[in-house]
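Single-structure report; data block below.
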Amino acid sequence: MNKENSFDTLSRRSFLKVSAIWAGGAWIVGVPSLSANPHRVLTESEAEIMDALADAIIPPGEYAGGKDAWVTRFIDQQIGRYGYLQHDREMYQTCLPAINNDCRNEFGDVFTRLDKENQAEFLKAVEAGQYNPQAAERGWGDFTPSAFFNTMCNQCMMGFYGSPIHGGNRDYVSYRMLSLY
Amino acid sequence: MATNKHVNAIVVGSGAGGGVVAKELSYAGLSVVLFERGGWVPYAAHGDDELTAMRSFPLACFFGPDNERYRRVAVDQQGNERIVYPNDWAYHNISACVGSGTVNYGAMAWRFMEECFTMKSTYGHVEGSTLEDWPISYDDLEPYYEKAEWEIGVAGDDSKNPFAPWRRKPHPMPPFSHNKEARILEEAAKKIGYHPFSIPMLRNSEEFDGRPACVHVRNCVGFACPVDAKNGTQNTVIPKAIDTGNCELRINSQVVKILTDSNGRATGVEYYDEQDRKHTQTADIVILSASATETPRLMFNSATNLYPDGIGNRYDWLGRNLQGHAYCGADGLFEEEIYDGIGPGASVAAGDFAHNNPDVIGGAVLTNEFIKLPYAYSRGFRPPGSSQWGREHKDFQKHYYKRNASIRGPVQEMPNFESRVEVAPDVLDHWGMPVAKISGFKHHEDIRTAEFIAEKAAKWLEAAGAYKVWKSIPGTGVSGSQHQSGTCRMGNDPQTSVTDKYGRVHEVDNLFVADGSLHVTNGAFNPVLTIMALGYWVSDYIVKEWKGGNRFK
Ligand SMILES: Cc1cc2nc3c(=O)[nH]c(=O)nc-3n(C[C@H](O)[C@H](O)[C@H](O)COP(=O)(O)OP(=O)(O)OC[C@H]3O[C@@H](n4cnc5c(N)ncnc54)[C@H](O)[C@@H]3O)c2cc1C
Ligand code: SF4
């Protein structure tokens with residue numbers, strides 16, 4: 001654990017404690033006030049790739065897709081200094097550019113510019129482990145493409161279907177889709 | 001190192017077992033310190049956030065423990081070890097707060113059946129299993145079940161369940177009625193000859209003991225109750241214990257060691273307060289109620305010259321026989337919406353297959369499942385081979401969220417010696433103590449029984465009109481989890497158990513266990529009411545001895 005990380009976890013712990021003390025009856029939950037001053041982790045271009053992935057995982061239609069439901073915002077917040085997924089920060093920073101790169105090698109264009117069908121086809125291949133061999137040589141570092149896909153996919157579902165207090169599920173869009181509100 | 005005023009009894013852990021013990025001992029006039037490593041977690045602190053509630057907790061466990069100070073080692077069936085954090089299923093977390101799992105549980109309040117206490121005499125020796133009878137019978141425990149039901153509060157009506165064990169007194173509250181899904185299932189069960197009834201619940205079907213009736217929210221299991229209609233130890237026996245003036249609840253206090261003297265008797269515990277300051281608390285009696293993973297861990301970490309392999313471990317039974325339930329069942333899809341949003345969802349049960357099944361050992365009660373929350377539903381509950389993302393996945397979610405039902409059964413497991421809690425000497429927690437290491441597997445009979453039970457669940461869903469039904473069978477990995485039990489087995493023979501039938505650790509006259517660790521077998525039902533009843537049973541023994549003049553010196 002590096003110095004910055006240990007500061008992160010410490011401050012988050014005391015923050016959670018404070019919120020538990022304050023919770024007399026009002027809706028004071030751990031993290032919402034943090035979204036007021038989000039510490040952007042993803043760069044512009046990483047966020048753009050993440051948006052495209054989120055829309056491939058949860059495509060827009062009658063109800064918002066991953067992008068418009070703020071799935072990227074959820075991930076950005078959670079891998080940030082007060083987030084619950086700080087341990088995945090490096091994974092996103094490494095794998096988002098890498099997935100774009102692999103896509104360019106395969107389809108001659110970056111992921112974000114591919115049409116929906118090709119995006120889905122490419123992601124199915126990533127999911128199936130087709131890009132796992134020699135991934136390190138193509139910029140994936142210590143990460144395995146298929147494992148990244150599974151983690152990222154799962155976290156997209158959290159961002160879309162979980163409570164908006166964590167930064168995603170904008171205006172409870174998924175709850176509205178399920179006619180829960 | 002600060003010391004505290006000596007007390008009569010220390011209880012470590014304020015969950016299902018510990019909360020009960022603290023109340024019983026303080027009512028009998030003993031001075032008690034009840035230790036809890038966590039704090040109070042009210043509803044307002046977490047609200048309806050599915051991602052940190054105790055049902056799927058992908059981000060964190062809001063009811064504790066935290067990922068910063070706690071970890072364990074999980075060993076898979078190939079022997080690979082991995083460090084895991086509390087919000088990983090392989091950690092086998094219940095909770096860490098005042099009340100523990102009883103704050104956020106589904107609140108099913110089962111009495112085990114008579115056969116659940118006599119598994120070996122009912123089914124015979126099972127190769128590869130340490131299956132055994134309990135040293136106590138259902139008849140022994142019956143009055144204590146009654147006490148748990150009346151003091152903590154259960155709604156139910158056993159007269160509708162022909163397989164229910166005998167009882168002296170009915171439940172204190174009338175049973176819950178069914179929502180739309182459960183009504184459909186109830187009718188279907190009758191059609192195929194099952195005997196449906198309303199699940200007994202540690203929730204208020206009417207005002208009880210000054211707290212209101214349940215208002216049927218969607219998210220009950222995994223969450224604290226917004227109106228305080230769910231009965232745990234945190235809102236019943238623990239406040240009562242504190243009200244006596246004899247019991248001090250010491251929260252945010254991590255007990256790290258049981259102290260023993262040169263004669264091997266327990267003298268107290270060592271613990272760290274919220275500021276990580278080390279303290280000692282001495283007592284005449286120490287009761288461990290830290291759960292089936294943390295109780296044995298404490299006993300291992302308290303090794304001395306007299307107890308070189310851990311307290312209560314002379315014959316290598318400590319931490320063995322870790323059990324949970326081999327959960328299985330079936331899921332089904334319906335043409336019409338069967339969801340009406342009336343929580344908590346689980347309310348109809350059938351006891352037909354808990355015991356006396358042809359060709360399988362034991363069995364399970366069947367119940368319908370709690371309402372699935374959106375994230376959880378996105379991660380499972382789909383027919384095999386369904387896509388896990390993309391348009392088809394989203395459409396499935398939208399179409400079937402209100403058109404699905406599941407039946408589940410907690411299959412009673414065959415305990416085995418290799419499924420166990422140990423400590424990992426080289427992996428330390430925040431306070432420098434070796435963490436729990438969990439390894440083992442399910443006995444093959446459990447999977448066979450699960451196949452049998454899942455078939456019965458599938459038949460039920462088909463009878464209810466589901467047009468697509470598929471079964472859910474557990475993997476063979478080690479059990480435990482939220483129903484963990486068995487690691488300090490009670491028994492009459494000190495060579496094959498850890499405590500005697502009163503929960504007293506063999507060889508240590510003033511050290512007791514009162515939590516799920518005591519279970520010899522874990523029943524065909526969810527375990528908590530049995531753990532509470534054992535809390536009363538163990539306390540009753542201690543109090544009788546105390547009143548008879550035994551000062552455990
Ligand atoms: C979401 C969920 C749903 C459930 N639903 C049901 C249900 O419907 N029906 C049912 O029967 N059961 C249910 N259970 C299971 C039930 O909650 C457990 O069986 C029960 O709480 C176990 O009781 P215990 O006394 O063994 O341990 P716990 O209740 O876990 O109590 C142990 C306590 O000890 C504390 N502790 C541990 N170590 C230390 C230490 N070193 N120092 C200080 N304190 C310590 C812990 O923080 C905890 O509070 C559910 C559990 C969960 C989490
Ligand atoms: S259904 Fe809701 S009101 Fe009823 S006990 Fe559960 S959380 Fe409380």
Side-chain angles (χ1 to χ4, degrees), chain A residues 1 6 8-10 12-13 16-17 19-31 53 56-63 65-66 74 78 83-85 87 116 119-120 123-124 127 149-150 152-166 168-169 174-175 177-180, chain B residues 38-53 56-69 85 87 97 218-219 224 226 251-252 274 337 339 341 371-380 387-395 397-403 430:
Chain A
M1 201 187 267
S6 64
D8 286 354
T9 50
L10 267 181
R12 190 176 100 218
R13 211 172 84 216
L16 284 176
K17 272 185 198 147
S19 78
I21 293 165
W22 283 356
W27 243 100
I28 309 168
V29 188
V31 209
L53 287 169
I57 301 295
I58 302 153
E62 189 188 343
Y63 291 89
F74 164 82
Q78 294 309 320
Y84 287 108
L85 303 172
H87 50 273
K116 302 291 164 205
Q119 281 185 341
L123 289 182
K124 273 183 195 149
E127 184 184 27
F149 178 84
N150 287 333
M152 181 271 297
C153 177
N154 185 26
Q155 291 174 357
C156 284
M157 297 300 171
M158 294 180 204
F160 191 78
Y161 291 110
S163 167
I165 61 167
H166 299 298
N169 196 2
S174 65
Y175 283 30
M177 176 180 102
L178 304 177
S179 343
L180 291 176
Chain B
W40 294 90
V41 183
Y43 176 80
H46 64 90
D48 64 357
D49 174 24
E50 182 192 357
L51 302 181
T52 57
S56 39
F57 44 80
L59 292 184
C61 296
F62 210 97
F63 294 83
D66 58 79
N67 285 3
E68 284 76 38
R69 295 176 300 171
Y85 297 90
N87 75 319
C97 60
R218 182 170 67 223
N219 35 9
I251 59 172
N252 299 314
E274 196 174 4
E337 286 195 3
Y339 172 102
I371 289 177
K372 296 143 196 153
L373 294 181
Y375 165 73
Y377 194 62
S378 81
R379 302 285 68 203
S387 52
Q388 295 300 306
W389 53 277
R391 165 127 1 251
E392 196 183 316
H393 177 273
K394 190 182 182 192
D395 289 347
Q397 187 92 352
K398 179 167 179 290
H399 187 74
Y400 288 111
Y401 188 75
K402 296 188 171 179
R403 292 181 174 86
H430 176 72

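Just so it is clear: chains get the letters A, B, ... in the order the sequence lines come, proteins before strands, and each one is counted from 1.
- Pairing each heavy atom of A:Y84 with each of B:A60, the nearest pair is CE2-CB, 3.4 Å.
- For the side-chain hydrogen bond (donor to acceptor under 3.5 Å, both in side chains) test, no residue two or more places apart in sequence or in another chain qualifies with B:E50.
- The number of heavy atoms from other shown groups lying within 6.0 Å of CD (B:E392) does not exceed 12.
- Across every non-hydrogen atom of B:P374 and A:Y175, the tightest pair is CG-CE1, 3.7 Å.
- Taking each heavy atom of B:D49 and A:H166 in turn, the nearest pair found is OD2-NE2, 2.6 Å.
- Proximity to chain B is absent for every atom of A:Q155, based on heavy atoms less than 4.5 angstrom apart.
- From B:Y375, atom OH reaches atom OG of A:S174 across 13.0 Å, with rounding to the nearest 0.5 Å.
- B:R391 is linked by a side-chain contact (heavy atoms from CB on, under 4.5 Å) to A:P59, B:D395, counting only residues two or more places apart in sequence or in another chain.
- Contact annotation for B:S387: neither backbone nor side-chain heavy atoms come within less than 4.5 Å of a heavy atom of chain A.
- For the atom pair NE2 of B:H393 and CE of A:M157, the computed distance is 4.0 Å after rounding to the nearest 0.5 Å.
- Atom-to-atom distance recorded for B:T52:OG1 and A:I165:CD1 is 6.0 Å, nearest 0.5 angstrom.
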Point to revise | Trace of the side chain to side chain contact (heavy atoms under 4.5 Å, CB included) decision for B:R218 with A:L180 | key: CA-CA 10 Å; B:R218 182 170 67 223; A:L180 291 176; 3.7 Å; yes
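- Taking all atoms of both residues into account, the shortest heavy-atom contact from B:K402 to A:L178 is CE-O, 3.2 Å.
- For a residue to count as touching a neighbouring chain, one of its non-hydrogen atoms must lie under 4.5 Å from one of that chain's; by this rule B:Y377 does not touch chain A.
- Proximity to chain B involves both the backbone and the side chain of A:N154, based on heavy atoms less than 4.5 angstrom apart.
- For A:K124 against B:W389, the heavy-atom pair with the smallest separation is CG-CZ2, 3.8 Å.
- Closest of all the heavy-atom pairs between B:K394 and A:Y63 is NZ-O, 2.8 Å.
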